[in-house]
Q: 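Below is the structure I would like to discuss, written out as structure tokens.
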Amino acid sequence: MIRIVRDFGTGIGLLGRGFRLVLGNGGLLVRGALPALVTSVVLFGALVGLALGIGDLVAWATPFADGWGETWRGVFRTALGAGVVIGAVALMMVLFSALTLIIGGPFYESIAEEVEDRELGGVPQAQRIGWGRSAWIGLRDGLRLAGLAILFAVALFVAGFIPVVGQTVVPVVAVFVGAWLLAVEMTAIPFVRRGRSLRERRRALGRRRAMALGFAVPVYLLCLVPLLALVVFPAAMAGGTLLAARLTDGQDL
């Protein structure tokens, strides 16, 4: 238990170092913010549209509830709408990181390289990724992780109908699931630069899951705030680079 708490705190600390690095270097911040801005505008607009229309959407999808009593119909449709929105947020967070990495692959590779050179003394025999390869990696990993996000969203949606648990435990689990998927994506570039596959990345993060979550849970929650992702995403890229180094190179960070 002590190690779990310590690792979780270490993950938060690595993200904090990422913030210090990008906030102290305008070039890193601008490079990381531009792709995140494009993706934020698109996905935030889609999420707002869903939130505004969720009542009509749920009513259209559940005509069988029209004959129920007003109280039960309201509880059912409210829980259903909340489940849909929670699932959409989890999915959009995965899509956000995937799309941002696809759009800004060269920007984030340069951030990872600069952080590695400055903080870690470089990575011996680091692979050059390039835009085409980074876009393919982002698309491939994004589709895989989006599939997992959908499966978890369905399970959490069903669990949302459990009284009390659905309104308390399920949102917390949704945050941790979304954060885990985000950690896998945010460490993609530094792991690939070391020649590590997605399976190896997930295995390495799984061995220090508390550290990965300590890094990713704050990223997930902060990215829910409109436009804050413009600062959070570059910092998360820098922090994810430090996390990947700690897990693969045995760096004493």
Q: Would you sort out whether Asp7 and Leu213 count as a side chain to side chain contact (heavy atoms under 4.5 Å, CB included), showing the intermediate values?
A: CA-CA 9 Å; Asp7 277 1; Leu213 289 173; over 6 Å; no
Q: Are Leu228 and Val42 in one and the same hydrophobic cluster, where Ile, Leu, Val, Met, Phe, Trp and Tyr link if side-chain heavy atoms are under 4.5 Å apart?
A: no
Q: Just how far is it from atom CE of Met211 to atom CZ of Arg246, taken to the nearest 0.5 Å?
A: 4.5 Å
Q: Nearest heavy-atom pair of Ala229 and Ser40: which atoms, and what distance?
A: CB-OG, 4.2 Å
Q: Where do Arg194 and Glu200 land on the side chain to side chain contact (heavy atoms under 4.5 Å, CB included) test, with the steps shown first?
A: CA-CA 11 Å; Arg194 291 166 171 76; Glu200 292 173 313; over 6 Å; no
Q: Shortest non-hydrogen contact from Ala212 to Leu205?
A: CB-CD2, 3.9 Å
Q: Between the side chain of Arg201 and the main-chain N/O of Arg196, is any donor-acceptor distance below 3.5 Å?
A: no
Q: If you link ILVMFWY side chains whenever their heavy atoms are less than 4.5 Å apart, which other residues fall into the same cluster as Ile4? By chain and number, please.
A: none
Q: With no hydrogens and no angle check, is any side-chain donor or acceptor of Arg118 less than 3.5 Å from a backbone partner on Glu114?
A: no
Q: Restricting to non-hydrogen atoms, name the atom on Val232 and the atom on Leu222 that form the minimum distance, rounded to 0.1 Å.
A: CG2-CB, 3.7 Å
Q: Would you check if the side chain of Ser110 reaches a backbone N or O of Phe107 as a donor-acceptor pair within less than 3.5 Å?
A: yes
Q: Residues in side chain to side chain donor-acceptor pair (under 3.5 Å) with Thr10, at least two apart?
A: none
Q: Nearest 0.5 Å, what's the OG1-CZ distance between Thr187 and Arg202?
A: 11.5 Å
Q: Apply the side chain to side chain contact (heavy atoms under 4.5 Å, CB included) test between Arg209 and each candidate in Phe8, Trp180, Phe176; give the one that qualifies.
A: Trp180
Q: OG1/Thr100 to CG/Leu34 distance, rounded to the nearest 0.5 angstrom?
A: 11.5 Å
Q: Hey, mind stepping through Val231 and Phe19 against side chain to side chain contact (heavy atoms under 4.5 Å, CB included) and telling me if it holds?
A: CA-CA 8 Å; Val231 177; Phe19 271 107; 4.0 Å; yes
Q: With rounding to the nearest 0.5 angstrom, report the OH to CD1 distance, Tyr108 to Ile103.
A: 8.5 Å
Q: Measure across Leu21 and Ala238 and return the closest heavy-atom pair with its distance rounded to 0.1 Å.
A: CD1-CB, 4.3 Å
Q: What is the minimum heavy-atom distance between Leu182 and Ala216, and which atoms define it?
A: CD2-O, 4.3 Å
Q: Go through Leu15 and Val219 one step at a time and tell me if the side chain to side chain contact (heavy atoms under 4.5 Å, CB included) criterion holds.
A: CA-CA 8 Å; Leu15 177 61; Val219 175; 3.7 Å; yes
Q: Do you know the tightest heavy-atom contact between Leu247 and Ala204?
A: CD1-O, 4.0 Å
Q: Report yes or no: do Met237 and Leu23 belong to one cluster of Ile/Leu/Val/Met/Phe/Trp/Tyr joined by side chain heavy-atom distances under 4.5 Å?
A: yes
